[in-house]
Amino acid sequence: MAAEREPPPLGDGKPTDFEDLEDGEDLFTSTVSTLESSPSSPEPASLPAEDISANSNGPKPTEVGLDDDREDLFAEATEEVSLDSPEREPILSSEPSPAVTPVTPTTLIAPRIESKSMSAPVIFDRSREEIEEEANGDIFDIEIGVSDPEKVGDGMNAYMAYRVTTKTSLSMFSKSEFSVKRRFSDFLGLHSKLASKYLHVGYIVPPAPEKSIVGMTKVKVGKEDSSSTEFVEKRRAALERYLQRTVKHPTLLQDPDLRQFLESSELPRAVNTQALSGAGILRMVNKAADAVNKMTIKMNESDAWFEEKQQQFENLDQQLRKLHASVEALVCHRKELSANTAAFAKSAAMLGNSEDHTALSRALSQLAEVEEKIDQLHQEQAFADFYMFSELLSDYIRLIAAVKGVFDHRMKCWQKWEDAQITLLKKREAEAKMMVANKPDKIQQAKNEIREEIEEWEAKVQQGERDFEQISKTIRKEVGRFEKERVKDFKTVIIKYLESLVQTQQQLIKYWEAFLPEAKAIA
Amino acid sequence: METHAEAGKEGKPSCASVDLQGDSSLQVEISDAVSERDKVKFTVQTKSCLPHFAQTEFSVVRQHEEFIWLHDAYVENEEYAGLIIPPAPPRPDFEASREKLQKLGEGDSSVTREEFAKMKQELEAEYLAIFKKTVAMHEVFLQRLAAHPTLRRDHNFFVFLEYGQDLSVRGKNRKELLGGFLRNIVKSADEALITGMSGLKEVDDFFEHERTFLLEYHTRIRDACLRADRVMRAHKCLADDYIPISAALSSLGTQEVNQLRTSFLKLAELFERLRKLEGRVASDEDLKLSDMLRYYMRDSQAAKDLLYRRLRALADYENANKALDKARTRNREVRPAESHQQLCCQRFERLSDSAKQELMDFKSRRVSSFRKNLIELAELELKHAKLKGPPGTPSAKAV
């Protein structure tokens with residue numbers, strides 16, 4: 001696809017960027033970092049060193065041009081994508097292809113800037129730090145709701161479609177309120193796109209809800225029983241929380257994939273999320289390889305902060321798992337209590353019916369009613385136990401797994417840097433040896449080769465170092481943000497849960513207070 | 001394991017099931033009890049000014065089997081056929097509790113020391129509660145006998161109360177158990193026969209009503225009792241669940257260095273308090289509801305047995321009538337037939353009269369007992385709910 005495009009003559013960085021678009025990696029991050037950071041700041045590792053330096057060292061006006069143009073590209077491309085239905089490729093690569101032929105940059109851009117609202121570029125110009133600092137002030141005026149699960153289709157090809165509603169005053173969105181229909185694999189697709197772009201540079205990407213073959217099969221088969229409705233509700237709530245967490249992340253919020261997910265009415269089907277697809281198997285193989293690598297990497301940790309944090313997250317993980325298991329038992333037993341209370345209520349009613357002393361009979365019937373109401377209370381409390389407490393814990397258990405993943409990526413980054421250093425050393429030794437050897441005819445050519453290689457590897461070493469520092473810096477910020485979010489999340493949930501407990505108690509008091517005079521009335 | 005229970009000091013559980021008129025001429029209570037491996041030894045103390053007894057105050061040690069012997073003696077006594085015999089106390093059963101304690105002892109390494117201590121405490125409390133209940137059950141059996149104007153005068157009862165030595169009543173051996181089992185079957189078959197017997201009409205509406213009522217009532221109260229037991233067990237389970245949750249929250253809290261620390265620790269405290277309250281709710285439901293239902297299930301069975309005996313007497317009376325008629329038509333052996341018929345008639349009438357009184361007593365006993373227990377249940381539930389409520393609200397704000 002890329003080959004057909006004619007690279008627009010817009011600044012020297014442009015062609016390279018489009019090549020990178022083909023790879024579908026990191027274009028966005030590179031752009032953002034270009035915009036917000038000073039020209040000499042380190043860049044994500046995936047882009048070749050020369051290109052980055054070209055980009056970042058580009059003159060300001062070109063950068064601005066880049067910025068707006070990129071913005072325009074994205075905006076237009078989003079619309080283009082929705083009209084066609086390109087096959088599944090990282091969305092960024094398909095964007096520029098049909099949409100733009102920005103042949104004459106200057107003339108085109110100027111009117112474009114005027115026609116578009118300025119607020120979109122404004123967001124871009126703002127530094128990431130600024131945005132994060134203002135997060136407490138709740139400038140992220142965006143609300144996501146996932147609702148109305150609807151079964152689409154029949155038999156084994158059936159699926160549930162969920163309505164994703166967005167209410168926002170952010171101007172990067174074209175409307176302030178809009179909704180789309182998405183299915184579960186769309187969510188997984190979104191997550192895998194975001195993960196492939198951001199995880200390995202140190203951003204903690206919230207994990208998507210887990211697949212469940214058993215649950216989905218029951219729904220597909222069409223069993224309209226309480227367990228399948230429960231399953232659907234559980235999933236709907238999980239998807240909602242997932243999206244809410246994702247949009248809270250300032251960097252992820254800017255991502256065009258996310259925007260497309262929220263806005264566009266048609267989304268290409270994410271086939272690669274299926275467990276048994278080629279991509280799925282590749283994922284599993286990679287995971288295994290990663291696990292092995294992790295064991296063999298021995299990193300010299302120069303920064304105690306990272307070691308501390310890793311240990312802390314490890315502990316937290318264990319504690320949360322333990323707590324989660326106990327809370328699940330609580331939910332189960334409360335449901336049992338509810339069922340038993342209902343059964344007792346029925347038999348108390350029967351007993352009341354057969355009792356021949358009128359006042360006692362009435363009192364027993366009242367007791368039966370009280371017990372029935374209490375059963376309702378138990379059910380509601382079990383519901384609260386689960387959706388507030390238990391699900392929060394399982395969400396955080398998976399989030400911490402993502403955090404651990406990010407730390408692992410940092411290790412891999414370090415390894416790459418280390419490897420580059422070793423290779424450089426070897427090359428230098430080779431050069432030295434060549435200097436000493438005495439082969440005049442071959443020497444000049446070989447010397448040049450080696451010289452080139454050494455330069456190449458020197459650059460790689462520098463790049464590796466920059467990447468490592470970048471990822472370390474990003475992780476620090478991310479962990480800080482994560483911890484803040486975690487504290488907020490837990491506090492909110494704990495307060496809500498306590499309120500639910502208090503409410504249950506107050507209801508209990510009301511019921512028994514109503515019953516007491518009836519019991520006293522037995523003569 | 002040796003456990004003593006000071007019966008009478010704390011609120012005795014099942015005494016609440018039966019409202020006994022205080023009649024001070026004969027007071028019986030179980031002043032002490034010791035649990036030794038599989039046996040429980042009750043110390044039965046009697047205070048009486050009645051002339052039969054050698055002293056005014058005395059006590060003996062009795063075991064469960066001796067209570068059963070006493071009960072059976074009453075049941076087999078024709079004189080008391082027209083009375084509701086108080087149901088025998090159930091066998092002391094610590095099996096379940098003992099098993100649980102053993103399992104706990106075998107150990108689960110994932111459990112922290114605190115959790116272990118709490119669980120052990122819970123199980124020991126459970127064991128103690130079962131022990132107290134069995135003491136109360138035995139006591140109320142004796143007290144009902146002592147309160148009944150006819151039953152208290154039984155010779156076997158005096159022997160039971162006074163005789164210092166062991167009554168040498170061994171537990172029923174297999175033959176006797178089987179015999180008892182067969183007797184029950186025969187009884188039910190007999191009952192079925194005589195109710196189906198043509199010509200046997202119930203003349204008295206009162207008894208007709210009572211019969212229908214008791215049959216249905218007994219089944220339903222048995223159901224309710226079973227289900228109440230299940231509710232109580234589920235409540236206990238829930239209370240036990242709070243233990244690991246509270247422990248996990250505590251350790252989470254101590255590890256945090258930020259604001260979550262206080263939140264977690266407070267929540268851990270709350271769960272600990274909830275645990276104790278849920279446990280108390282469970283045991284209150286057990287005593288006020290389950291136990292009461294269980295007692296009246298047995299009592300209604302005893303009432304049913306009375307009705308059966310009366311019915312049997314009625315059938316005998318009918319048969320005697322028929323025999324008399326046959327004798328009169330044949331004009332042979334009329335005298336013995338007449339006297340036999342007289343006897344049956346008298347017996348039947350005697351039984352009917354006392355049965356009527358007994359059944360009315362049963363009803364009033366039942367109503368007042370239900371009233372007392374339901375009121376106490378509601379009051380206790382309110383007390384517990386109020387304890388859980390208000391402290392929670394300040395925590396929410398503090399958190």
Side-chain angles (χ1 to χ4, degrees), chain A residues 312 315-316 319-320 322-327 329-330 332-334 336-341 343-348 350-351 353-357 359-360 363-364 367 370-371 483 486-487 490-491 494-495 497-499 501-502 504-509 511-513 515-516 518-520 522-523, chain B residues 110 209 213 216-217 219-221 223-228 230-231 233-235 237-238 240-245 247-249 251-252 255-256 258-260 263-264 266-267 270 274 289 293 363 366-368 370-371 374-375 377-379 381-382 384-386 388-390 392-393 395-397 399:
Chain A
Q312 185 192 334
N315 289 344
L316 190 60
Q319 306 283 5
L320 286 181
K322 225 168 107 180
L323 184 60
H324 183 239
S326 311
V327 174
L330 179 72
C332 179
H333 287 142
R334 216 190 274 280
E336 237 178 78
L337 176 63
S338 158
N340 288 341
T341 310
F344 175 70
K346 287 206 192 85
S347 56
M350 300 265 284
L351 188 64
N353 279 342
S354 52
E355 175 61 61
D356 60 352
H357 185 272
L360 181 55
L364 283 171
L367 180 68
V370 167
E371 292 286 337
E483 285 289 280
R486 180 168 76 89
V487 170
F490 270 84
K491 270 193 113 171
I494 287 179
I495 291 177
Y497 184 69
L498 283 175
E499 284 176 357
L501 284 177
V502 168
T504 308
Q505 289 320 116
Q506 286 175 338
Q507 282 294 96
L508 263 181
I509 291 174
Y511 294 151
W512 285 110
E513 276 182 344
F515 174 71
L516 194 54
E518 283 290 330
K520 289 193 169 145
I522 304 172
Chain B
S110 68
H209 167 80
F213 164 69
E216 197 185 50
Y217 190 78
T219 326
R220 292 189 177 179
I221 201 171
D223 234 9
C225 176
L226 277 169
R227 293 184 180 182
R230 281 202 212 121
V231 171
R233 268 197 295 266
H235 250 131
C237 233
L238 204 67
D240 286 342
D241 278 341
Y242 286 136
I243 297 179
I245 293 183
L249 282 170
S251 49
L252 264 173
Q255 285 202 352
E256 294 280 349
N258 50 33
Q259 317 161 293
L260 278 184
S263 313
F264 279 137
K266 280 234 162 78
L267 199 59
L270 176 69
L274 277 180
L289 208 51
L293 292 171
K363 179 163 168 171
R366 184 177 81 234
V367 170
S368 73
F370 265 71
R371 179 177 191 275
L374 286 176
I375 292 177
L377 176 71
E379 285 174 347
E381 291 270 4
L382 270 174
H384 294 316
K386 287 189 177 143
K388 278 192 245 180
T393 344
S395 305
K397 296 194 187 124
V399 158

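Letters A, B, ... mirror the listed sequences (proteins, then strands); counts begin at 1.
- With a 4.5 Å cut-off on side-chain heavy atoms, His235(B) and Asn340(A) do not count as touching.
- For chain A, the nearby part of Glu256(B) is the side chain; its heavy atoms alone come within less than 4.5 Å.
- Taking a cutoff of 4.0 Å between a charged side-chain nitrogen and a carboxylate oxygen, Glu371(A) and Arg227(B) do not qualify as a salt bridge.
- Each of Leu320(A), Val370(A), Leu323(A) has some count of heavy-atom pairs under 4.5 Å with chain B, and the biggest count is that of Leu323(A).
- Nearest heavy atom pair, residue Glu216(B) against residue Ser354(A), reads OE1-CB, 2.9 Å.
- In this structure, chain B has heavy atoms under 4.5 Å from both the backbone and the side chain of Glu355(A).
- Of the atoms belonging to Leu501(A), it is side-chain heavy atoms, and not backbone ones, that fall under 4.5 Å from chain B.
- Within the 4.5 Å cutoff, the side chain of Arg486(A) has heavy atoms near those of the Asn258(B) side chain.
- Between Arg233(B) and Glu336(A), none of the side-chain N atoms (NZ, or NE/NH1/NH2) sits under 4.0 Å from a carboxylate O, so this pair counts as no salt bridge.
- Per-residue heavy-atom pair counts under 4.5 Å with chain B were compared for Arg334(A), Lys346(A), Glu483(A), and the maximum is reached by Arg334(A).
- One side chain, His209(B) or Asp356(A), offers a donor N or O that lies under 3.5 Å from an acceptor on the other.
- Of the two parts of Leu360(A), only the side chain, counted from C-beta on, holds a non-hydrogen atom closer than 4.5 Å to a non-hydrogen atom of chain B.
- With a threshold of 4.5 angstrom between heavy atoms, Tyr217(B) approaches chain A through its backbone and through its side chain.
- Heavy-atom pairs under 4.5 Å with chain A were tallied for Ile221(B), Leu374(B), Leu377(B); the largest tally goes to Leu374(B).
- Looking only at side-chain heavy atoms (C-beta outward), Leu252(B) and Leu316(A) come within less than 4.5 Å of each other.
- Highest contact tally toward chain B, considering only Asn353(A), Leu351(A), Thr504(A), is held by Leu351(A) [criterion: heavy-atom pairs under 4.5 Å].
- For Ile243(B), no part lies under 4.5 angstrom from a heavy atom of chain A.
- Leu293(B) touches chain A through its side chain: at least one heavy atom from C-beta onward sits under 4.5 Å away, while N, CA, C and O do not.
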- Task: Could you walk me through whether Val327(A) and Asp241(B) pass the side-chain contact (heavy atoms from CB on, under 4.5 Å) test, one step at a time?
- Result: CA-CA 8 Å; Val327(A) 174; Asp241(B) 278 341; over 6 Å; no
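- Using a 4.5 Å cut-off between heavy atoms, Tyr497(A) contacts chain B through its side chain alone, with no backbone atom that close.
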